[in-house]
Undergrad: 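The structure is given below, and queries will be raised subsequently.
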Amino acid sequence: MGPSAYPPISAAFCFHWHNLMSTTVRKAVFPVAGLGTRFLPATKVLPKEMLVVVDKPLIQYAVEEAAAAGITEFIFVTSRGKTLVEDHFDHHEELFEALAGRGRLDELEIVRSVVPDGAVFAATRQAQPLGLGHAVWCARDLVGDEPFAVILPDDLVKSETPCLQQMMDAYADKGGNLVAVVDVPREQTNRYGILETASDDGGEGSLVEITGLVEKPTPEEAPSTLSVIGRYILQPDIFALLERGERGAGGEIQLTDAMARLIGAQPLHGLRYRGRRFDCGSKVGYVAANAAFALDTPDLSVRIEAELRDLLETAQRGAPDGAQGN
Ligand code: G1P
């Protein structure tokens, strides 16, 4: 459903206008209620956010990115079977003592640093799988009346400056609502929120003014190939729009549709972030993320590079699996 399907926004959503520039973003919402059906059987009991890239679960990359951008309150929107996500950020005294007792101080530090200094964690449940917009709405009481970030842990961004920090820098300048955006091949528009823009010079690190947003349009219908990735900074006014419970693409309550309704009432910008996104909601993106992060891990990079080269050469020679290399 495109933005044109909506009536004009009412002035009621402008009441934060005077405040849009000033408030610090302290809270981040992590929707982690999804079923992860694309990764079955791995995700039969394991939450997809606990899938590991090299040596850390996806949710930890997301929390670290948020902490690096100054977030201090971490809000998980969970569902049945997702307690491991919360457990991962719990204090684990037994493990601390065991590692300390054995003098394993490096490992102790690794486990301790799972929880960022000064972090406060909270969780709420999404009782029914009604979509991303609904999941975010479930966090409304924990967020309260202040701007907040949303991070989808499926989207893992490898960048020099963490993606959310890049957004915070842009937010300090522009305020309002912000999403991180990247071009995708036209045949993939039906997997993402797609932008219609007023100005776009296409440069890395540049900001685009968003004039329309459509959730998962077909390649033929897509207004562009510029897509939303799972990083948002939003004003709390979005909750009133989500509250309406209007269904969009896939019969779900879409965050994209609520943001589309903000257009005209509040600034909405897309940041062409600097970095590379791995869509870890897809197998290709997930495997590529493992390769990319491993190639960037000092202890592993040389050996992984040799393995990958060998695999590619073997595949190019058309040899049967495992017939060559080691
Ligand atoms: C969600 C959003 C979509 C966005 C995508 C980024 O889709 O609805 O607009 O482009 O995340 O990963 P989902 O991946 O939940 O289908």
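Just so you know, ligand 1 is whichever comes first in the structure, and atom 1 is the first atom listed for that ligand. These numbers were taken from a predicted model, which means no experiment stands behind them.
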Undergrad: Give a yes/no verdict on whether any heavy atom in Asp155 is under 4.0 Å from an atom of ligand 1.
TA: yes

Undergrad: Only heavy atoms of Leu132, strictly under 4.0 Å: list the atoms of ligand 1 that pass.
TA: 1 (C), 2 (C), 8 (O)

Undergrad: Determine all donor-acceptor pairs shorter than 3.5 Å in which one atom belongs to a side chain in residues 128-138; sequence neighbours excluded.
TA:
unit_1: His134; atom_1: ND1; unit_2: Gln126; atom_2: NE2; d: 2.9
unit_1: Trp137; atom_1: NE1; unit_2: Glu243; atom_2: OE1; d: 3.1

Undergrad: List every atom of ligand 1 that sits less than 4.0 Å from any heavy atom of Thr256, numbering the atoms from 1 in the order shown and giving each element.
TA: 9 (O)

Undergrad: Of all the atoms in ligand 1, which lie at a distance below 4.0 Å from a heavy atom belonging to Gly230?
TA: 6 (C)

Undergrad: So, using ring-ring contact (aromatic ring centres under 6.0 Å, His included) as the criterion, who are the partners of Phe76 when residues are at least two apart?
TA: Phe30, Phe89, Phe121

Undergrad: Is Arg272 salt-bridged to Asp201, cutoff N-O under 4.0 Å?
TA: no

Undergrad: Just one of Tyr232, Phe74, Phe239 clears the ring pair (Phe, Tyr, Trp, His ring centres under 6.0 Å) bar with Phe148, so which one?
TA: Phe239

Undergrad: Say whether Ile238 and Leu142 are linked into one hydrophobic cluster, either directly or through other cluster members, by side-chain heavy-atom distances under 4.5 angstrom.
TA: yes

Undergrad: Mark the output for Leu152 as yes if a heavy-atom distance to ligand 1 is under 4.0 Å, and as no if none is.
TA: yes

Undergrad: Is Arg309 salt-bridged to Glu305, going by a charged N under 4.0 Å from an acidic O?
TA: yes

Undergrad: Using a strict cut-off of 4.0 Å, indicate which atoms of ligand 1 neighbour a heavy atom of Lys216.
TA: 7 (O), 8 (O), 13 (P), 16 (O)

Undergrad: Quick check on Gly281 - does any of its heavy atoms sit under 4.0 Å from an atom of ligand 1?
TA: no

Undergrad: Distance to 0.1 Å, residue and atom name: give those for the protein heavy atom nearest to atom 4 (C) of ligand 1.
TA: Val228 O, 3.5 Å

Undergrad: Does any N or O of ligand 1 fall below 3.5 Å from an N or O anywhere on Glu215, backbone included?
TA: yes

Undergrad: Please say yes or no: joined through hydrophobic side-chain contacts below 4.5 Å, possibly via intermediate residues, are Val114 and Met50 part of one cluster?
TA: yes

Undergrad: Could you tell me, atom by atom, which parts of ligand 1 come under 4.0 Å of a heavy atom of Gly193?
TA: 3 (C), 4 (C), 9 (O), 10 (O)

Undergrad: Please check if a non-hydrogen protein atom sits closer than 4.0 Å to atom 15 (O) of ligand 1.
TA: no

Undergrad: Checking contacts now, so for atom 10 (O) of ligand 1, which I'm interested in, is there any protein heavy atom under 4.0 Å?
TA: yes

Undergrad: Please determine which of Asn290, Leu295, Asp296 meets the side chain to side chain contact (heavy atoms under 4.5 Å, CB included) test together with Val54.
TA: Asn290

Undergrad: Inspect the surroundings of CZ in Arg104 and state if more than 12 heavy atoms from other residues, nucleotides or ligands are less than 6.0 Å away.
TA: no

Undergrad: Does ligand 1 come near enough to Tyr192 that some N or O of the ligand is less than 3.5 Å from an N or O of the residue?
TA: no

